[in-house]
Amino acid sequence: MTSVLDDYLVDPKVSLLDKTRIQAQVLVPVLRALRAELGNDKADAIVKQALRDWSRQLFAAVGDAIEGSPRRKWASLQSALGEVTLREVEFEIRRHDKEALEFDVTRCRFAEFFRALGEPELGALLICETDFDIASAGDGEVSLDRAQTIMRGAPSCTFRYKFAPRP
């Protein structure tokens, strides 16, 4: 079965966590070399901008390829993402109705991996920040607020999606 995320995953048989580990094998040494050459602040800023631009462009293109309303595009992306992340996270639904979807991630293997590497900020860029790019596929019909993440040291990740009223 093909997924809207197949191009992002490259090989759908490789788990998202394994894909992330492969990315980290390349990115961590490059990031550390840049830090040694340019200093932490400048290197981190360059990598942050590059990864944010990549993610925005990637998920905008994926969203553009999905037919339907912006909310349907977001729902398709969110569903596909759920299929590839559910085995890596534990979560509790707080609310799910026509106005909102709210849940807390209480365990995240991505965060465990990046914290063990000593690179939670890189993990936040590769994993956490993409949630906002996926929400942007909702083009104003879906918004995401997240006050905290496990990746950045909180006990849970708070996902608070709000849906614009349907006309």
Side-chain angles (χ1 to χ4, degrees), residues 1-12 14-17 19-20 23 27 44-115 120-167:
M1 183 168 131
T2 60
S3 165
V4 298
L5 294 178
D6 283 353
D7 288 340
Y8 167 64
L9 292 173
V10 181
D11 182 348
V14 175
S15 77
L16 184 56
L17 182 58
K19 176 190 184 301
T20 302
Q23 289 173 324
L27 288 171
D44 289 351
I46 290 169
V47 170
K48 179 178 182 175
Q49 188 64 52
L51 291 176
R52 292 302 302 130
D53 289 347
W54 165 76
S55 180
R56 282 186 199 104
Q57 292 169 5
L58 174 81
F59 287 106
V62 172
D64 288 346
I66 299 170
E67 291 188 26
S69 70
R71 186 159 168 187
R72 181 170 181 346
K73 290 174 186 264
W74 170 81
S76 295
L77 274 167
Q78 190 66 21
S79 175
L81 189 64
E83 289 176 23
V84 297
T85 60
L86 284 181
R87 64 180 160 225
E88 314 300 352
V89 299
E90 295 173 13
F91 65 97
E92 298 172 1
I93 299 286
R94 301 287 183 207
R95 177 180 176 190
H96 191 193
D97 57 38
K98 67 180 183 171
E99 296 172 353
L101 170 60
E102 299 180 355
F103 59 93
D104 294 341
V105 171
T106 56
R107 180 173 184 221
C108 176
R109 292 180 63 202
F110 299 101
E112 292 166 6
F113 170 71
F114 280 102
R115 290 171 66 83
E121 283 303 311
L122 180 60
L125 289 169
L126 286 174
I127 300 299
C128 306
E129 295 300 317
T130 62
D131 296 319
F132 293 96
D133 301 327
I134 291 168
S136 70
D139 196 26
E141 292 182 21
V142 178
S143 63
L144 170 61
D145 180 47
R146 187 172 50 217
Q148 63 186 34
T149 64
I150 296 170
M151 192 78 73
R152 291 199 165 114
S156 66
C157 306
T158 54
F159 286 79
R160 303 297 183 260
Y161 291 99
K162 300 285 185 236
F163 307 128
R166 294 188 179 187

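Index from 1, following the sequence.
- Taking all atoms of both residues into account, the shortest heavy-atom contact from Arg115 to Ile150 is NH1-O, 3.7 Å.
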Show which side-chain atoms of residues 57-65 pair as donor or acceptor with protein atoms under 3.5 Å away, not counting sequence neighbours.
none

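- With Ser55 contributing its side chain and Leu51 its backbone, the two residues share no donor-acceptor pair below 3.5 Å.
- For Leu77 against Ala137, the heavy-atom pair with the smallest separation is CD1-CB, 3.6 Å.
- Remark: Phe113 CZ to Leu122 CG distance equals 9.0 Å, nearest 0.5 Å.
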Evaluate the side chain to side chain contact (heavy atoms under 4.5 Å, CB included) criterion for residues Glu121 and Asp44: first the C-alpha distance (whole Å), next the side-chain angles of each, then the deciding distance (0.1 Å), finally the verdict. CA-CA 9 Å; Glu121 283 303 311; Asp44 289 351; over 6 Å; no
Between side-chain atoms of residues 102-110 and protein atoms elsewhere (two or more places apart, or another chain), which donor-acceptor pairs fall under 3.5 Å?
from   : atom 1 : to     : atom 2 : distance (Å)
Glu102 : OE2    : Lys162 : NZ     : 2.6
Asp104 : OD1    : Arg160 : NH1    : 2.8
Asp104 : OD1    : Arg160 : NH2    : 2.9
Asp104 : OD2    : Arg94  : NE     : 2.9
Asp104 : OD2    : Arg94  : NH2    : 3.1
Thr106 : OG1    : Glu90  : O      : 3.3
Arg107 : NE     : Glu112 : OE2    : 2.8
Arg107 : NH2    : Glu112 : OE1    : 3.2
Arg109 : NH1    : Glu88  : OE1    : 2.9

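- For residues 127-149, every residue pair satisfying the salt bridge (Lys or Arg N to Asp or Glu O under 4.0 Å) rule, not counting sequence neighbours, is listed here: Arg52-Asp133, Glu129-Arg152, Asp131-Arg146.
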Using the rule given for side chain to side chain contact (heavy atoms under 4.5 Å, CB included), can you reason through Leu16 versus Leu81, listing the C-alpha separation, both sets of side-chain angles and the distance that settles it, and then say yes or no? CA-CA 9 Å; Leu16 184 56; Leu81 189 64; 4.3 Å; yes
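- Checking side-chain atoms of Ser79 against main-chain N and O of Ala75 turns up no donor-acceptor pair under 3.5 Å.
- Looking at Val142 and Leu101, their side chains never come closer than 4.5 Å, going by heavy atoms from C-beta outward.
- Of all non-hydrogen atoms in Lys73 and Gly68, the two that sit nearest each other are CE-O, 3.4 Å.
- Proximity of Phe163 to Asp97: side-chain heavy atoms (C-beta onward) are nowhere separated by under 4.5 Å.
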Under the side chain to side chain contact (heavy atoms under 4.5 Å, CB included) rule, what do Trp74 and Tyr161 come out as? Steps first, then yes or no, please. CA-CA 11 Å; Trp74 170 81; Tyr161 291 99; 3.6 Å; yes
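- Glu99 places no side-chain N or O within donor-acceptor distance of the main-chain N or O of Pro165, the cut-off being under 3.5 Å.
- Between the side chain of Thr158 and the main chain of Ala147, a donor-acceptor pair closer than 3.5 Å is present.
- Within the 4.5 Å cutoff, the side chain of Met151 has no heavy atoms near those of the Cys157 side chain.
- Residues Gly140 and Ala164 come closest through the heavy atom pair O-CB, 3.9 Å.
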Apply side chain to side chain contact (heavy atoms under 4.5 Å, CB included) to residues Leu126 and Leu27 and explain how you reach the verdict. CA-CA 10 Å; Leu126 286 174; Leu27 288 171; 3.9 Å; yes
